[in-house]
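Heads up: the structure comes next, in structure tokens.
For the numbers below, each heavy atom of this structure counts, side chains included, while hydrogens, waters and symmetry mates do not. First the proteins, then the strands, lettered A, B, ... as listed; each starts at 1.
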2 protein chains.
Amino acid sequence: MRSYGQYCGLARALDVVGERWTLLIVRELLDGPRRYGQLLEGLPGIPSNLLVDRLRRMEESGVVGRLDDGRYRLSPWGQGLHEAVYALGRWAGPLMAKPRGRDAFRSNWMRHMVIARFEGVDSRRRDLVVELRTGDDPLTLISAAGRVHLHQGPVADPDVVLAGPPESVVGLLLGRISQAEALGAGVHVTGRARLLAGLRPRGEAV
Amino acid sequence: MRSYGQYCGLARALDVVGERWTLLIVRELLDGPRRYGQLLEGLPGIPSNLLVDRLRRMEESGVVGRLDDGRYRLSPWGQGLHEAVYALGRWAGPLMAKPRGRDAFRSNWMRHMVIARFEGVDSRRRDLVVELRTGDDPLTLISAAGRVHLHQGPVADPDVVLAGPPESVVGLLLGRISQAEALGAGVHVTGRARLLAGLRPRGEAV
DNA sequence: CTGCATCCGGGCCGATACTG
DNA sequence: CAGTATCGGCCCGGATGCAG
């Protein structure tokens, strides 16, 4: 990518990670080291030549390194993109309510979306276990002692189970839509959805 | 910009602000409403047709609005990009040490760079007034009661004055380089530079 | 003079085919 | 599985035109 040629933190950051697809590759690598094929799988739509090109550049700039087994992983500096990636994801909150028919979906993206809204400790947060079923793998949200953890797969005896299309399950979980709207959008609720308000997610940007 | 077609917060954010120049336009508008000509001035290198194109798209997506006098400004939602922009700017810290000869420079960019490292309250932060002279306008950093404010222009009787090239003045201020290195790079120091350590900037990512 | 609009060459992107 | 190669088209960059 052509440099912006500006002595400014944002401009220099974008010189390195501003190209198309680059931050999405970072998103995938935030989950840990990944093989080339796993990255292709996790980035539907990316042409294979672009994926290679981006990985090469990210290696050169020191954002990405490789393990002995060939897997790609973020450098410590690259891991520092966590804050920026999550800040952008949170900012997009208002865009997430509208389903857009043909969008691809992966359950680890949902994990990030949910974690981004529940980072940090909130002493007034209620203890709760919520199972999220949408598409492939179920995901379980565990709120305890003011913190929220996410667990891949189901756990025994959740307090609430939400099943249905991603944007509505997430919408109900984060309080973007009402229970009535969620039901109308095909969400199947088991347990008392009213308890969800006790999770106290971070507010949307607008 | 072509959509990534992914139901993911980051991907939808980048669908809106991921195009080249868009986040730099946001950076300029974070300083308040701006005229078209001011934006051109603050974005050296941008072609005029791209600036117009980006502004139109940002209006459509609701990131930017216009005042009665024609000036562009961020919507409340657009203002929410502050966190992401600053997170990216902080992440670029390690890139800022190296000067890159021909980079453009504006003093409001330096304001952002400095503010990004001193956001929030730190009760162990020492009270201090530092004048930064680099290029055009002087800038004064005022640390008081654990908070840091920046003031355009000089104030009477600063504790420390740093004058010289931007990357070295900022480098010394943020503790990226030693006083000896700064002097070698042409920084002129008045007052006791040792006091700068008491400002306790946020650490670099790596 | 400000605030754009138009035009054009080149480079980046996207899709697919191919190889070790 | 992990990339290479190729090619059409779109986006970007630089220059210029032009109306209020």
Expected output: side-chain A/R12 to main-chain B/L95 donor-acceptor under 3.5 Å: yes

To the nearest 0.5 Å, atom CG of B/L81 lies from atom CG of A/L10 at 10.5 Å

Any residue meeting side chain to side chain contact (heavy atoms under 4.5 Å, CB included) with A/D157, in chain and number order, not counting sequence neighbours: none

Residues of residues 38-45 of chain B with a heavy atom under 4.0 Å from any atom of DNA chain C, listed by number, are none

Residues passing the salt bridge (charged side-chain N to carboxylate O under 4.0 Å, His left out) test with A/E59, sequence neighbours excluded, are A/R56

For DNA chain C, note the earliest and the latest nucleotide, 5' to 3', having some atom under 4.0 Å of a heavy atom belonging to chain A. C/dC13 to C/dA17

Results of ring-ring contact (aromatic ring centres under 6.0 Å, His included) for B/Y86 - residues two or more places apart only: B/H82, B/H112

I'd like to check the side-chain hydrogen bond (donor to acceptor under 3.5 Å, both in side chains) partners of B/R106; sequence neighbours left out, ordered by chain and number. none

Quick one: do the A/Q79 and A/R73 side chains pair a donor with an acceptor below 3.5 Å? no

Taking five pairs at each end of the helix from C/dC1-D/dG20 to C/dG20-D/dC1, what angle separates the two helix axes (nearest 10°)? 30°

Would you indicate what B/R56 reaches in the nucleic acid, counting non-hydrogen atoms under 4.0 angstrom: base, sugar-phosphate, or nothing? sugar-phosphate

With rounding to the nearest 0.5 Å, note down the distance linking CG in A/L150 to CG in A/N108. 11.5 Å

The salt bridge (charged side-chain N to carboxylate O under 4.0 Å, His left out) partners of B/R176 (sequence neighbours excluded) come to B/E204

Validation: residues 13-22 of chain B side-chain donor-acceptor distances under 3.5 Å, sequence neighbours left out:
residue, atom, partner, partner atom, Å
B/D15, OD1, B/Y4, N, 2.9
B/D15, OD2, A/R100, NH2, 3.3
B/D15, OD2, B/S3, OG, 3.0
B/E19, OE2, B/M1, N, 3.3
B/R20, NH1, A/R2, O, 3.2
B/R20, NH2, A/R2, O, 3.1
B/T22, OG1, B/E19, O, 3.3

Strictly below 4.0 Å, heavy-atom distances to any atom of DNA chain C: list the hits from residues 3-28 of chain B, or just say none. none

Mind listing the residues from residues 46-54 of chain A sitting with a heavy atom below 4.0 Å of DNA chain C? Number order is fine. A/P47, A/S48, A/N49, A/L50, A/R54

Working to the nearest 0.5 angstrom, can you tell me the gap between A/S168 OG and A/E181 CD? 9.0 Å

When all nucleic acid strands are considered with a 4.0 Å heavy-atom cut-off, which category describes A/R66: base, sugar-phosphate, or nothing? sugar-phosphate

Distance to the ring centre below 6.0 angstrom and angle to the axis at most 45 degrees; does that hold for B/R34 and B/Y72? no

Side-chain donor-acceptor contacts of residues 40-53 of chain A below 3.5 Å, not counting sequence neighbours, with atom names and distances?
residue, atom, partner, partner atom, Å
A/D53, OD2, A/R57, NE, 3.0

